[in-house]
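Everything numeric in this text was worked out from a predicted model, so none of it was measured. One-based numbering, in listed order, for ligands and for the atoms of each.
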Amino acid sequence: MKIKNICCIGAGYVGGPTMAVIAKQCPQIIITVVDINPERINAWNDKNLENLPVFEPSLAEIVNKTRGENLFFSTDIERAIDEAEMIFISVNTPTKTYGKGKGMAADLKYIELCARQIAKVAKQDKIIVEKSTLPVRTAEALKSILDNTGNGVNFQILSNPEFLAEGTAVQDLLNPDRVLIGGDVGSNDGNEAIDALVDIYANWVPKERILTTKVWSSELSKLTANAFLAQRVSSINSISELCEKTGADVNEVAKAIGMDSRIGPKFLNASVGFGGSCFQKDILNLVYIAKSYGLNEVADYWEQVILINEHQKNRFSNKIVSTLYNTVSGKKITFLGWAFKKDTNDTRESAAIKVANNLLNEQALISVYDPKVTEERIYADLDYLNSRSEEENRALLKVDNNPYEVCENAHAIAVLTEWDEFKTYNWQQIYDDMQKPAFIFDGRGILDMEYLKTIGFECYTIGKG
Ligand code: NAD
Ligand code: UGA
């Protein structure tokens, strides 16, 4: 079966870039990305490519090439479902904020709404692809809703989790380590659906990198992959604290262990803590699933990855307070970076939010500069915590779009995101305009501290004694 028409429900950080790349690599397939949020769809359709809702290197060029050719963004969800042979569900699956499993389980209400809408609209057989990250065995629930509320048509459900990382989304999509497709391998219809999706990726991904599995393995592999990646960051971050106490250097330790090919060099950068929309949510979900099967030791093991991450963020803000003579009240502290990593405008679960909140509790005056994050977003992140009134947040924290101005008269600078441009600043000029002693806290280990010390800065880097 050759797919000619695809619908993707959810035009977010995954749906947008993923479909743009499929459109680029498969000009023979018409793709419509739909969303309930009309502002998001308008932004994807904006003539000015600077206004696309997702910033990713090279994404605007791809959208520019494909949009209006074989890639469309629309709010007409029913029509797109009706016309498509294959429907990707790429909606958000945040941590539940209410009821049973609050603060741990994935909230599947958006997924269920999609399933009910597909069932209502579909008049021909369709292949439904889980692109969102979902708890293992969600396909079972989806199938039940589709079969029981549908019009008697056949649905095949595939799990095709996405492994792209933000900031490198286009590269990751064009050249993935692997594409994972889970389906009903025991039936002819199931295998036909799997083959239809394999054929799409085979347009640019070598066949040996396309892995097909049982649907449950695929669903669970996505949660497991994120848990393992986050575990590496928490592991090296836990060692960073020990380095600071013992005089060891975490970069040297990371290099030394990473050269063991069994360990490998990637994902060993000590930091102020991992952020992003998925690591925390997916591990909490894994912990919840383990607990719901009574596997308490398994749950505790993975929960520790989150606890170390919280500790790392708190440790960083505590270090700032203790270094600044145990008080930051009324002192200007400049944040370089607010995004959860470089090359993205995404701030979800960014360590900067927690660090800022801790320092605001100590009555610090914070000024923030981030090359891609808007002022509106920064205030929304803080307001969401409900730690203080919106007025207080705006009085205590300012946003500046000039990296030199934002550092003027600061008592301390804290690097929260590893944007490359921070390395190229005129640090002598920044030092001259700061309060003295001028402190710098590098939460990403990107600055040349030896050089900064020669200028006169008092320096702290995560993981260096
Ligand atoms: P997102 O919040 O950026 O986008 C989700 C979109 O779905 C939103 O625009 C929302 O309006 C829309 N939506 C919600 N319910 C809808 C409905 N019923 N009908 C139509 N549209 C609806 O989320 P995201 O970052 O793209 O993540 C989506 C999924 O992909 C999540 O499950 C996430 O865990 C997973 N994932 C994310 C990443 C990442 O890097 N962000 C990577 C891999 C996997
Ligand atoms: C992560 C995974 O890398 C993707 O494979 C996955 O698809 C995605 O989650 C998802 O499911 O959402 P992402 O969160 O976009 O991607 O970005 P990462 O590069 O993994 O970084 C996550 C966080 O860990 C960032 O805050 C980053 O700064 C931090 N990190 C990463 C470190 O502190 N040290 C490292 O060595 C690596």
Side-chain angles (χ1 to χ4, degrees), residues 7-19 33-41 43-44 53-54 56 73-75 77-78 80-81 88-95 106-118 130-135 138 160-169 172-173 176-178 180 222-223 225-230 232-237 240 250 254 258 265-283 285 309 312-313 337 339-344 346-352 416-418 443-445 462:
C7 162
C8 173
I9 308 181
Y13 281 85
V14 168
T18 308
M19 292 303 130
V33 188
V34 293
D35 204 291
I36 35 170
N37 179 346
E39 281 168 22
R40 225 172 203 184
I41 293 299
W44 281 113
V54 171
E56 279 291 339
F73 294 93
S74 164
T75 48
I77 301 178
E78 298 208 344
I81 291 174
F88 286 78
I89 302 182
S90 188
V91 300
N92 36 329
T93 49
T95 305
D107 191 342
L108 297 180
K109 71 179 168 202
Y110 307 102
I111 293 286
E112 178 162 345
L113 281 171
C114 289
R116 290 187 183 274
Q117 192 161 21
I118 293 167
E130 298 175 344
K131 184 50 101 179
S132 297
T133 302
L134 297 169
T138 303
N160 173 222
E162 184 47 62
F163 294 102
L164 70 80
E166 290 179 30
T168 51
D172 294 343
L173 287 163
D177 284 353
R178 77 324 205 167
L180 178 58
K222 174 62 199 179
L223 292 181
N226 274 355
F228 269 63
L229 289 168
R232 282 177 73 94
V233 180
S234 276
S235 296
I236 198 70
N237 280 345
S240 75
V250 75
K266 293 182 183 165
F267 254 71
L268 287 177
N269 290 324
S271 69
V272 57
F274 62 74
S277 61
C278 294
F279 278 178
Q280 176 171 307
K281 134 178 120 56
D282 292 347
I283 295 176
N285 189 9
N309 199 46
Q312 190 76 348
K313 292 183 265 185
F340 81 98
K341 63 185 284 198
K342 72 172 181 179
D343 292 338
T344 177
D346 197 348
T347 65
R348 289 177 289 181
E349 302 295 341
S350 179
L416 275 303
T417 313
E418 72 280 23
R444 296 292 186 164
I462 294 259

Inset, instruction - Could you tell me the separation between the CG atom of Asp35 and the SG atom of Cys8, rounded to the nearest 0.5 Å? - result: 9.0 Å
Inset, instruction - Considering heavy atoms of the protein only, find what lies nearest to atom 13 (N) of ligand 1 and give residue, atom and distance to 0.1 Å. - result: Val91 CG1, 3.6 Å
Legend entry - Distance from atom 34 (O) of ligand 1 to nearest protein heavy atom, with residue and atom: Lys281 NZ, 2.6 Å
Inset, instruction - For the pair Gln312 (side chain) and Ser271 (backbone), establish whether a donor and an acceptor sit closer than 3.5 Å, ignoring hydrogens and angles. - result: yes
Inset, instruction - Among all protein heavy atoms, pick out the one at the shortest distance from atom 38 (C) of ligand 1; state its residue, atom name and that distance to 0.1 Å. - result: Val14 CG2, 3.2 Å
Inset, instruction - Please identify which atoms of ligand 1 are closer than 4.0 Å to at least one heavy atom of Ser90. - result: 5 (C), 28 (C)
Inset, instruction - Assess the side chains of Glu162 and Ser90: does a donor N or O sit below 3.5 Å from an acceptor N or O? - result: no
Inset, instruction - Can you pull out the closest protein heavy atom to atom 19 (N) of ligand 1? Residue, atom name and distance to 0.1 Å, please. - result: Ile9 CG2, 3.5 Å
Inset, instruction - Answer with yes or no whether Gln117 contacts ligand 1, where contact means a heavy atom under 4.0 Å from a ligand atom. - result: no
Inset, instruction - Look at the rings of Phe279 and Phe274 and say which category their plane angle falls in: under 30° parallel, 30 to 60° tilted, over 60° perpendicular. - result: perpendicular
Inset, instruction - Could you tell me whether Arg348 and ligand 1 have an N or O pair separated by under 3.5 Å? - result: yes
Inset, instruction - Indicate yes or no for a side-chain donor-acceptor contact from Asn160 to the backbone of Leu180 under 3.5 Å, with no hydrogens or angles considered. - result: yes
Legend entry - Rounded distance (nearest 0.5 Å) linking atom CG of Asp172 with atom CZ of Phe163: 11.5 Å
Inset, instruction - Working to the nearest 0.5 Å, report the span between OG1 of Thr133 and CG of Asp282. - result: 5.0 Å
Inset, instruction - Look up atom CG in Leu173 and atom CE in Met19, then write down how far apart they are to the nearest 0.5 Å. - result: 9.0 Å
Inset, instruction - Flag Thr93 as yes when one of its N or O atoms lies below 3.5 Å from any N or O atom of ligand 1, and as no otherwise. - result: yes
Inset, instruction - Working to the nearest 0.5 Å, report the span between NZ of Lys131 and CD1 of Ile89. - result: 12.5 Å
Inset, instruction - Identify the protein heavy atom lying closest to atom 18 (N) of ligand 1, giving its residue, its atom name and the separation to 0.1 Å. - result: Cys114 SG, 3.8 Å
Inset, instruction - Mark up the atoms of ligand 1 that fall under 4.0 Å of a heavy atom belonging to Gly12, in ascending order. - result: 1 (P), 3 (O), 4 (O), 26 (O)
Inset, instruction - May I ask you to test the Cys114-Ile77 pair for a side-chain heavy-atom distance under 4.5 Å? - result: no
Legend entry - Heteroatom proximity flag, Asp346 to ligand 1, N/O under 3.5 Å: no
Legend entry - Taking atom 14 (C) of ligand 1 as the reference point, the nearest protein heavy atom with its distance: Asn92 OD1, 3.2 Å
Inset, instruction - Give me the one residue out of Thr93, Asp107, Asn92, Thr95 that meets side-chain hydrogen bond (donor to acceptor under 3.5 Å, both in side chains) with Lys281. - result: Thr93
Legend entry - Lys222: numbered ligand 1 atoms lying under 4.0 Å from its heavy atoms: 43 (C)
Legend entry - Donor-acceptor pair, side chain of Ser132 and main chain of Val91, under 3.5 angstrom: yes
Inset, instruction - Measure from the side-chain N and O atoms of Arg232 to the backbone N and O of Lys266, and report whether any donor-acceptor pair falls under 3.5 Å. - result: yes
Inset, instruction - Considering only NZ, NE, NH1 and NH2 on the basic side and carboxylate oxygens on the acidic side, decide whether Arg348 and Glu166 come within less than 4.0 Å. - result: yes
Inset, instruction - Identify, by atom number and element, the atoms of ligand 1 in contact range of Tyr13, meaning under 4.0 Å from any of its heavy atoms. - result: 3 (O), 24 (P), 25 (O), 26 (O), 41 (N)
Inset, instruction - Give the numbers and elements of all ligand 1 atoms closer than 4.0 Å to a heavy atom of Cys278. - result: 33 (C), 34 (O), 36 (N), 37 (C), 38 (C)
Inset, instruction - Would you check the N or O atoms of Arg40, main chain and side chain alike, for any that come under 3.5 Å of an N or O of ligand 1? - result: yes
Legend entry - Heavy-atom side-chain proximity of Tyr110 to Pro94 below 4.5 angstrom: yes
Inset, instruction - Consider every N or O of Glu166 and every N or O of ligand 1, then say whether any pair is closer than 3.5 Å. - result: yes
Legend entry - atom 43 (C) of ligand 1 - nearest protein heavy atom and its distance: Glu162 O, 3.2 Å
Inset, instruction - Between Ser277 and ligand 1, find which residue part has any heavy-atom pair under 4.0 Å and reply side chain, backbone, both or neither. - result: side chain
Legend entry - Non-hydrogen atoms of Asn309 and Gly273 that approach each other most closely: OD1-CA, 3.1 Å
Legend entry - Residues in the immediate environment of ligand 2 (any heavy atom closer than 4.0 angstrom): Glu162, Phe163, Leu164, Ala165, Glu166, Lys222, Asn226, Leu229, Val233, Phe267, Leu268, Asn269, Ser271, Phe274, Gly275, Cys278, Phe279, Phe340, Lys341, Arg444
Inset, instruction - Just let me know how Thr133 lines up against ligand 1, side chain, backbone, both or neither, with a heavy-atom cut-off below 4.0 Å. - result: both
Inset, instruction - Check each heavy atom of Leu164 against ligand 1 and say whether those closer than 4.0 Å belong to the side chain, the backbone, both or neither. - result: both
Inset, instruction - Could you walk me through whether Lys342 and Glu418 pass salt bridge (charged side-chain N to carboxylate O under 4.0 Å, His left out), step by step? - result: CA-CA 5 Å; Lys342 72 172 181 179; Glu418 72 280 23; over 6 Å; no
Legend entry - Nearest non-hydrogen protein atom, atom 9 (O) of ligand 1: Asp35 OD2, 2.6 Å
